Amino acid sequence: MDSDSGELSEGELVSPAESILPKPIHSEAANTTKPPDGTTRAVESRATNSAIMQLPMLITCQRKGQMATGPDCFSSKNLALQAQKKILSKMASKTMANMLIDDTSSEIFDELYKVTKEHTRNKKEAHKIMKDLIKVAIKIGILYRNNQFNQEELEIVDKFRKKLNQTAMTIVSFYEVEYTFDRNVLAELLNECKDLVHELVGRHLTPRSHGRINHVFNHFADVEFLTALYSLDGDCRPYLKKICDGINKLLDEKVL
């Protein structure tokens, strides 16, 4: 479930080698002139070995092609698709390949990436935080859609939804009503969300996934980050507006 290996084509589980492994090339001369006994097999073996040696490079190039979506090369939807491919490569259900984050959430995630990069001044770290966020969100979605939570855990799901709703409304309220922002209040709400997520996935995910949860929430609940995000004359203000616009849409649609 927590594996980071394996690839998946859109709509079905396949091996990358099935679609990109080069086929051996046979010349006309090889068809008309029969080499000494055993030579043909040796030549074909060398061709196959050469093709296999090229496979990692071909896979790498293919992945780079998927990620090159702009000057910044970041898209939350691309990350979501990649995370799903790796997770679904270990699962039997092909229908799960259609599970993607919705458009509004994707837009919020993109703005969170931009504001994180602006605050940390570290593109690589911002990318890692958002990648961890998307991975955790997708794994929880897979568990929920496949009825993996018991009754006690479903009660935690309900608590988390209510806490997330409260947090979302607080985020928007602090933006819309000037001088009401309280970084400690918002940090506490986010940390309560983190504790509920840990409790929810306790028996399902590995310590590595729990580390991802900490990585994400420790960043967004950091009081210095929140202060910079809500600064009235700061560089993060435009990102906060788009984030709140997206949250308001999700609230109106009863998603949050």
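Quick caveat: nothing in here was measured; it's all calculated off a predicted structure.
- Hydrophobic side-chain contacts under 4.5 Å tie V223 to no other Ile, Leu, Val, Met, Phe, Trp or Tyr residue.
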Between side-chain atoms of residues 188-199 and protein atoms elsewhere (two or more places apart, or another chain), which donor-acceptor pairs fall under 3.5 Å?
residue, atom, partner, partner atom, Å
N191, ND2, A187, O, 3.1
E192, OE1, K163, NZ, 2.7
K194, NZ, N218, OD1, 3.0
H198, ND1, H210, ND1, 2.8
H198, NE2, N214, OD1, 2.7

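- In this structure, T116 contributes its side chain and L112 its backbone to a donor-acceptor pair below 3.5 Å.
- Shortest non-hydrogen contact noted between G234 and P238 is O-CD, 4.4 Å.
- Applying the side chain to side chain donor-acceptor pair (under 3.5 Å) test to D158 and every residue at least two apart in sequence or in another chain returns K162.
- When side chains are defined from C-beta on, T120 counts as touching H219, because their heavy atoms get closer than 4.5 Å.
- Summarising the geometry, atom CZ belonging to R183 is positioned 11.5 Å from atom CG belonging to L186; distances are rounded to the nearest 0.5 Å.
- Under the salt bridge (Lys or Arg N to Asp or Glu O under 4.0 Å) criterion, E118 pairs with R121, sequence neighbours left out.
- Side-chain atoms of H119 and E125 form no donor-acceptor pair, as typed in the model, at a separation below 3.5 Å.
- For the atom pair NZ (K128) and NE2 (H215), the distance works out to 5.5 Å, reported to the nearest 0.5 Å.
- Under the rule for a salt bridge (Lys or Arg N to Asp or Glu O under 4.0 Å), E107 has no partner lying at least two apart in sequence or in another chain.
- Partners of N150 according to the side-chain contact (heavy atoms from CB on, under 4.5 Å) rule, which considers only residues two or more places apart in sequence or in another chain, are E152, E153, R203.
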Fill in: Intermediate values then yes/no, side chain to side chain contact (heavy atoms under 4.5 Å, CB included), V216 and R212
CA-CA 6 Å; V216 170; R212 291 191 178 109; 5.6 Å; no
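- Put simply, CG on D103 and CD1 on I108 are 11.5 Å apart, with the number rounded to the nearest 0.5 Å.
- The CD1 atom of I138 sits 9.5 Å away from atom CG of L133, with the distance rounded to the nearest 0.5 Å.
- Within the 4.5 Å cutoff, the side chain of I140 has heavy atoms near those of the V201 side chain.
- The distance from the CZ atom of R237 to the CG atom of L229 is 8.5 Å, given to the nearest 0.5 Å.
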Could you list the donor-acceptor pairs under 3.5 angstrom formed between side-chain atoms of residues 241-256 and any protein atom two or more places apart in sequence or on another chain?
residue, atom, partner, partner atom, Å
K241, NZ, D245, OD2, 3.0
N248, ND2, E176, OE2, 3.2

Could you walk me through whether L205 and L143 satisfy the side chain to side chain contact (heavy atoms under 4.5 Å, CB included) test, starting with their C-alpha distance in whole Å, then the side-chain angles of each, then the deciding distance to 0.1 Å, before giving a yes or no?
CA-CA 10 Å; L205 302 186; L143 290 170; 4.3 Å; yes
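- Of the inter-residue distances, the one linking K135 atom NZ with R208 atom CZ reads 6.0 Å to the nearest 0.5 angstrom.
- In this structure, the side-chain contact (heavy atoms from CB on, under 4.5 Å) partners of E224, at least two apart in sequence or on a different chain, are D222.
- Pairs engaging residues 160-197 under the ring-ring contact (aromatic ring centres under 6.0 Å, His included) rule: F174-F181, F181-Y230 [sequence neighbours left out].
- Evaluation of the ring-ring contact (aromatic ring centres under 6.0 Å, His included) rule for Y239 yields no partner, not counting sequence neighbours.
- Applying the ring-ring contact (aromatic ring centres under 6.0 Å, His included) test to pairs two or more places apart or on separate chains, those with a residue in residues 135-155 are F149-H204.
- Not counting sequence neighbours, D233 has no partner by the salt bridge (Lys or Arg N to Asp or Glu O under 4.0 Å) test.
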